[in-house]
Each structure stands twice: as structure tokens, then as C-alpha cells.
Amino acid sequence: MRKLAPLPTDSVLVTGMGVMGLLTVFYLRHYYQVGRIIVSEPDPVRAALALRLGATALFQPDDPSSDTFTHAFECSARQDAFALLQEALVPHGQLCILSDGNHETLSLTPAFFEKELRIVGSSDGWDYRTHAAWFFETAPHVPQLEQLYEQTVASRDLVACFERLLTDAHPLKVFVTYPLVD
């Protein structure tokens, strides 16, 4: 996101409201003060959480402004979402791939070439330790971020938690509590 450096006046489209997408919305709103953040997410619970974290609206393909985005963030790892972003960007728009791509192959569409779009990958950023230090030093307390953790488990119950995750619905994130050590 830092490489794209969106401005408050930019219009941004984000696909996939898993943890990466939700945090992208959060950063766009709270760090970059982007005024127009539109999200594409089929799950109504995740879409609602994105709106609470700072998204301004849900993507509507029939909206006349649905192809006026200067920046886009792909967080779904789905080809249909990646194609949507390429169609929705303005000429010379910038697209950042934040998804890990483990669901589907992401392919360039004719719109990528026609509009001369730019793609930025996410692996060029800070390592996890540097990013976490920055986040925890500068992040305002936003109670909505706590909603990313759909399940809390004590460290002593991790094995049972992982066994349940093999068969139950998968939460966005699991918050693990550890006993205090002196």
C-alpha cells in the first residue's frame, strides 16, 4: 500500500474482505484518509464489517462510477475479482495484489493492456516484525479491529482448537491468550 501511496482524493476498490482486505480498508481510511473506498465482497457479514472499518460503499456494477477507480487492491485470490479490478480501474491505474494467490491463478485480462495498468506485488514490503512494530506503535485503538478475531482460545486449548478448525467453519482469525509470565 505504501508503494501506491493513495491520496485522500483517490477512489479505491478493494476485493475480498478476509483479514487482508479488512486491514486494507482500515489502513486506507485511518492512515491514508482515502475518501472513497468501495469493497467487493459476497459475504454480507464481512461486507458489513468492512463498512464499519471505513469502507464507504459496496461495489455495484451498474453504478455509473464503477469504472473510475485510480487504485485497486486484490485480496480475494479469485480470478473473477482480479478481472473486475482490471475493468474498474482508470487508464494508468494501479493495482496491488495482497492475496497470496493460493485459490486460483490470477491472469491479466485485455483491460490490463488496453488501459496500461500497473501491478504492484505485496512481497516487496516490510518484513512481519517491522510491520508489526510500526502498526502497534502508530495504530489508534479501533474497537472494530477486535472483530477480526471471531474466536478466542487459551494457549492450553490450541490442539483442540486446531482439531475443531479441521471440520468446523473457519473464523477470520483466532485470538490466543497466554498466561502471564513473571
Less than 4.5 Å apart, side chain to side chain, heavy atoms only: is that true for F69 and L85? no

Any side-chain heavy atom of L95 within less than 4.5 Å of one from E74? yes

A side-chain contact here means heavy atoms from C-beta on lying under 4.5 Å apart; do L4 and F73 qualify? yes

For a 4.5 angstrom cut-off between non-hydrogen side-chain atoms, does L22 reach V25? no

Indicate the atoms forming the closest heavy-atom contact of T56 with L51, along with that distance. C-CD2, 4.1 Å

Can you check whether L58 reaches E41 side chain to side chain, under 4.5 Å on heavy atoms? no

Give, for atom CD of Q94 and atom CD1 of I119, the distance between the pair rounded to the nearest 0.5 Å. 11.0 Å

Evaluate the side-chain proximity of F26 to R52: yes if any heavy-atom separation is below 4.5 Å, no if none is. no

Would a 4.5 Å heavy-atom cut-off, applied to side chains only, mark T68 and R36 as touching? yes

Please round to the nearest 0.5 Å and tell me the distance separating atom CG of D63 and atom CD1 of I38. 7.5 Å

Please examine the side chains of F82 and E104, heavy atoms only from C-beta on, and report whether any two atoms are closer than 4.5 Å. no

In Å, rounded to the nearest 0.5 Å, how long is the span from CD of Q33 to CG of L7? 11.0 Å

Within the side chain of S11, is there an N or O that forms a donor-acceptor pair under 3.5 Å with the backbone of T70? no

